[in-house]
Number of protein chains: 2
Amino acid sequence: MAERAQYEELVRQFSAFGAVKRELGRIMPAECPGGSAAVLTLLGRHGDMRMSKLAELLAVDMSVTSRHVAHVVARGWIERSPDPADKRSRILRLTPAGHAQLDELSRRTTEVLEERLSDWSDEDVRRLTQLMARLRESFDCRPAARAAPPAVEQTTRTPAST
Amino acid sequence: MAERAQYEELVRQFSAFGAVKRELGRIMPAECPGGSAAVLTLLGRHGDMRMSKLAELLAVDMSVTSRHVAHVVARGWIERSPDPADKRSRILRLTPAGHAQLDELSRRTTEVLEERLSDWSDEDVRRLTQLMARLRESFDCRPAARAAPPAVEQTTRTPAST
DNA sequence: TATTGTTATACTCTATAACTATA
DNA sequence: TATAGTTATAGAGTATAACAATA
């Protein structure tokens, strides 16, 4: 358990982190803003999935997910096919062009990080990655995970607010 | 120097970090969005300063700073007094109400972090804070710091793009 | 001429609410 | 009735460019 001053300093770093994100965003292809990049990355990492699953991984509302996906579909990077098991659902899958775009994104971000973090040890990079992952877990993010006790999770929608 | 897979994982955490920021933002007072909170925090930490200095600390364009400051001034949390040394400039200073608001912000964020990070060791909190601070330094952020060699820094404006 | 700061405009990301089509 | 997904609308953050006042 840390002290108040420690927490304040941590929050200060959270706030300043936006500058890093923006700097990284500047080197991305113009046609592929952050939201699109996130969609491609998660599909590349976790494979084909439904909208609701993607929304959960992105930790944003499904309406936001829908917009990002529409943008990415319009550019031919993913395709939406109907789910035979549930006609309300759609299965998202990377197209060959999507894989190519993903490679390009990876190339650019790696290039920038190699330059900016050239004096970082491998261990420090790993440590930061792990701590940020743990932070995300500690902050829950998904509504179900915090609201419910060790119960079953049943919905991915925003719960009714009263 | 880390490997490509390490960098990709780190970028993934950068992307996911947005969820943490949003979660933290939800518990802030409605009248005080993130931009205002950042202004108050920096003024509280560094004392009175000019717009240009604040813009540098925020690592955003001065036009953005101007908007945030206008919002905060409208709520009576800071005051803009003319700089006697340079009539183009304005000195920003926290009002008593601003100090009170700052205390409230600190109280809320500390409360949330104490809850969410209750199982974190003091050392891990400190380590994450330090690594994020170092990350910010590695990413420069201010235009002058990267563009110029070990030369004097002379402008805080966006440099001409050609 | 160059710099400080403001304003107008535009774009991205996000959430809420209303809507459709299925279960 | 409840759920999957879409769309309309609104709010916050940011950048660029044009502008006013002062160095």
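Chain A is the first sequence line, chain B the second, and so forth, proteins listed ahead of strands; every chain is numbered from 1.
Rounded to an integer number of Å, the gap from L54(B) CG to dG5(C) C1' is 12 Å. Across the protein-nucleic acid pair, L58(A) atom CG and dT14(C) atom P stand 8 Å apart, rounded to whole Å. Between the CG atom of D61(A) and the C1' atom of dA18(C) there is a distance of 13 Å, given to the nearest Å. The distance between atom CE of M28(B) and atom C1' of dG11(D), rounded to the nearest whole Å, is 17 Å.
Shown for residues 80-89 of chain B: residues whose heavy atoms fall under 4.0 angstrom of DNA chain C, namely R80(B), R88(B), S89(B). Listed by residue number, the members of residues 98-105 of chain A with any heavy atom below 4.0 angstrom from DNA chain C form an empty set. Across residues 32-43 of chain A, P33(A), G34(A), G35(A) each have a non-hydrogen atom less than 4.0 Å from an atom of DNA chain C (numbered order).
Taking the side chain of V64(A) as heavy atoms from C-beta on, and the options dA15(C), dT14(D), dT6(D), the nearest nucleotide is dA15(C). Here the side chain of M51(B) is nearest to one of dT7(D), dG5(C), dT14(C), namely dG5(C).
Using a 4.0 Å heavy-atom distance criterion, V60(A) is classed as a sugar-phosphate-only contact.
Between R67(A) and dA15(C), a side-chain N or O to OP1/OP2 separation shorter than 4.0 Å is absent. Residue H68(A) places no side-chain N or O under 4.0 Å from the OP1 or OP2 atom of dT12(C).
The base of dT3(D) lies outside donor-acceptor range of the side chain of S52(A), with no N or O pair under 3.5 Å.
Of the two residues near DNA chain C, R90(B) and H71(A), the one whose nearest nucleotide lies more 5' is R90(B).
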Assess whether side-chain contact (heavy atoms from CB on, under 4.5 Å) is satisfied between R4(B) and E8(B), documenting all intermediate values.
CA-CA 6 Å; R4(B) 182 177 184 124; E8(B) 288 183 358; 3.4 Å; yes
